[in-house]
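Each chain gets a letter, A, B and so on, in the order its sequence line appears, and its residues count up from 1.
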Amino acid sequence: MMLALTYDVGNIWLDSLLGLLAIIVLMTVGALALIWLERKVSARIQMRLGPMRVGPYGLLQTLADAVKLVGKEDMRPRSADRWVFELAPFVVFVPAFVAFVAIPFTRDWAVAFLDLGLFFIVAVTGLSFVGFLMAGWASDNKYALLGGLRAAAQLISYEIPMVLSLIAVTMIVGSLNLSDIVIYQGRVPLFVWQPLAFFIFIVAALAELERQPFDIPTAESEVVGGPFIEYSGIRWSIFYLASYTNLIVYSLLGALVFLGGWDWPLGREAGLWLQVLLTFGKTMFLILLFMWVRFAMPRLRIDQLMSYCWKVLIPLAFLQIFLNGLVLVYGWPDFTLLLTSGAGLLLAGYIVDRTVRADPRTLRMVPANPGAAEPAAADSAGS
Amino acid sequence: MTVAQVIFYVVAALAVAGGLGVVLAKHAVYAALFLIVALIAVAGVYILLASEFLALVQILIYAGAVTVLLLFALMLTRTSDLPEAMTGAQWPVAGLVAALLGGAIIATVTTSDWPGDEDGMITRVPFDDLGSALFQQWAVPFEIASLVLFVALVGAIVLAREDEPEEEGE
Amino acid sequence: MLGILKSMYVTMNAMMRKPVTIHYPDHHRDVPQRDRAFPILLWDKEVDEPFCTGCHACERACPVECMTVVMKDNPLHADGKSERRKIVDQFWIDYGRCMRCNICVEVCNFEAIAMNNTWAGHELSKFDRNDLVLDLDQLLSQHKQGKIDAWVPE
Amino acid sequence: METVDINVNMGPQHPSTHGVFRMVLTIDGERVMDVEPHIGYMHRGAEKLSEEMDYRQAIGYQDRTDYLAQFMNEQAYCMAVEKLLDIEVPERAEYIRVILCELNRIASHFMFLGAFGIDLGHFGTSFTYGFREREHIQDIFEEVTGERLMYSYFRPGGLVWDVPDNFVQRVRDVLPKSRQGLQDLDMLLTGNEIVSVRSRGVGVMSAEDAVSWGLSGPLLRAAGVEWDLRRDKPYSIYDRFQYDIPVGTHGDVYDRYLVRVEEVRQSIRIVEQALDQLPDGPIMPEKMPRKLRGPEAEIYSAVEGARGEYGIYLVSKGGDKPYRLKMRSPSFCNLSALRDMTIGNYVADAVAILGSIDIVLGCVDR
């Protein structure tokens, strides 16, 4: 049900308020914890220590940062467009916040079980670009404008493959209800049946989250934070909060749709806490994957992102849908889903590999002083 | 007043405010942003009519995708290129047309016999039916409509690129 | 795809290794014996006076002119306790100007000046740049108290 | 309504301009239509200062020009003074100079590899990997010279003091680490498809253009010109070692990256050979005058620095100070080709191209 229209007024307000509170607590605590985690993960990948100062292992570092940010002066450039500038962080924040409503955490825990949950999340999170554009335009800063426009260009590129990959999944399950999708995966999670769709989803989610290979709108080394460049203090921290909330939302979505949510592999009879643990574990896995990718990849260029999304991901997503259609229409057994989808993934990887490696580079090595004696010891000393 | 009514009035007020904003805003970017407000508010009305699917499509396509292009184009132009107030010699004609259109809509709304108006129940359309209607019953008109849109898109690109012959492939 | 997987492998591999950084103000890495922080003056413990005679050699050689030396007659020499006829009266080094080129140490004929090779020579943050102008007592104090094992090249 | 080009000011405070460098980009959408570089934010008058110092005092200012390849600058300056005064450098000092210079080249290139990753969008991972390797080498430099950045260790005639006793062993221990670190960076960047698509075919400079712009160092070699001062204008004792000169085939950003990766390997080879041949002996000539006074002469001496030809042009009218000291800095000459390479590319490419030139602003502005 979308809205319980038959409730009494007192009840529904209270209900909404409780749901709201739950989301706010989950979001803020989650974002604070994730910022700390990301800093620690990045530190370990880069062989640093990361935050160590506040609390044991720097656990309270983000709390301290949050206090600092709240206490900071809320600055606005004189030439900025006042209302658009000040509203932009909230326009980015609200979609991330609202998307949380539709996510079930276990069989019984959700703010609202929606029949169209999957579609709802995709539709609502797509709105956050408006905030980026507003921030970019209103800041009256060319970097910000560039970043905002890049965000918009990126949105139209990745939104379509993401929706298509999710459609491929819903074709098999036959429902857009997230609970139904999870329950369907009781036997085998969908990433086994649909590796190609899973891959497309991960890539598109990275683009949506503006994380490393696709952090083009906020590119630190080009547009220096993009739309956020003029923001400071609490408005900046709202952007930050929204980005980490989105990370949670998309990881949860991936965990529910592709990794079997709370159901697989323990089955429907597992206790509530085990279900919570399973959802949490799978979400954490995806979050860590996103973080890992972030620190291992350089950034694509905006035109490359667009051509990758339009020329590679969208045809692949259509291929996945077509293959699923074949299997469903002719009623072939389930394993053919895996076969076709896996073959599609391998094919895609092969084609990408071929195109990138079409031109292998080797340097010409010109020996200098070939007459000079190179002692034999030199070789053994190095290795 | 039931909850649904409260929500309806809030949403309707938002839609009207958004629509007025689109018309009255001095700056084209404001107008585009107000348009988003209006579109989302209309999505709210769809939800109240128990057509969640339509509401979400409204958000995804209109509020999400269409306004991207609008804002994209508007933000790249200099503000000085846009006239301060969108008035011209034709405003009495435009006003007349708007008044006539508004009158026609109001007349239609008040004189129509709305099904389900009496018992307050809303007939929900399962979107299986929606799908089969679109892709089986009306497949040919649907495809023709999308073809027309596609042609329009191509035409727009051709028109826009005409004066830049030196631009080679991306 | 292979290259991306390789990148992922390297980062994961690095994650498993021990961090190479240390928690700085709580832990200090050892500085080598030759470490060159800022110049300090040495204290002749046998005679209980500075080695420096105030001969102006370092002052003249300093490329950035960060030193000021004033010489005086040595009262201990008059008493017959010291062989130095002249001794340093006043000595200022502006650490804010010093570029740590080591030339003052090279030109010193009495091995009276050395580069600080302890952490105390590096952690010199001050709120006022005038606090970076050190006088004779401050320059001598570290070696006088035996807190430093100064390294003077031959 | 017509579309307008936007002027974007990149720098002097921008994370990817590698210092206080400013470029005014004229962009149409994401495409760069024009670039106007502005330099001079870091001008400290190093040339003039050197003219006010005697030959020994000026050493400290040589470090401060190209502050990532300090030993090479000192080497060029000392060679000029030695040529002027006709001083013979002892064998051991030459070897130590070569070892330190090549280690310095490795350290400098690691800096490039790290920063290159950042320019392409790495969130600091390549940078920390590069810095980790620099740190090993920097530790050696600190043990030898006592300083971490401004070594002022070479002197006209030789070295200021001898290396510590465990020097050979320390360097031998570090070289495998550098190899390992290079392999890490290699795996992180070289094969990565994103790096490939971002840097291939970007900022292409043909061999003819490269020569006529006066490029040198890795940029010139990446453009396909076999030119290495160590081989073609031999100085010091470089003719005693075997090494390869990597030469690129396309002259784009990717080739410049590959050339530098390969140069690290070759530098390791040179260091190994030099360590094997390192003789004992004095580090300064027997008869060094206490005050250096040169005859009337004009001297040009150049070394193959980490960024290209680093030359010192020294005019002496007698006395203990140079009459004129001109530094031919590779960063400055290489930077002059920036506009040519950048126009027509994307904003993101402009960052990558600037990174591939590997400028050091202290060297550009002097």
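- Contacts from residues 76-83 of chain A to chain B, taken as heavy-atom pairs separated by less than 4.5 Å, involve A/Asp81 in sequence order.
- Side-chain contact between B/Leu33 and A/Val130 is present, with heavy atoms from C-beta onward closer than 4.5 Å.
- For B/Ile61, no part sits under 4.5 Å from any heavy atom of chain A, backbone or side chain.
- Both the backbone and the side chain of B/Phe53 come within less than 4.5 Å of a heavy atom of chain A.
- Counting heavy atoms of neighbouring residues, nucleotides and ligands inside a 6.0 Å radius, atom CZ of A/Phe318 does not exceed 12 of them.
- The neighbour count for B/Tyr62 OH, taken as heavy atoms of other residues, nucleotides or ligands under 6.0 Å away, does not exceed 12.
- Here the CG atom belonging to A/Leu127 is positioned 7.5 Å from the OG1 atom belonging to B/Thr67, to the nearest 0.5 angstrom.
- Near-neighbour residues of residues 165-178 of chain A relative to chain B, defined by a heavy atom under 4.5 Å from a heavy atom of that chain, comprise A/Leu176.
- Taking 4.5 Å as the limit, every side-chain heavy atom of A/Phe120 sits out of range of all side-chain heavy atoms of B/Ile59.
- Nearest heavy-atom pair, A/Val122 versus B/Leu60, reported as atom, atom and distance to 0.1 Å: O-CD1, 4.1 Å.
- For a residue to count as touching a neighbouring chain, one of its non-hydrogen atoms must lie under 4.5 Å from one of that chain's; by this rule A/Phe129 touches chain B with the side chain only.
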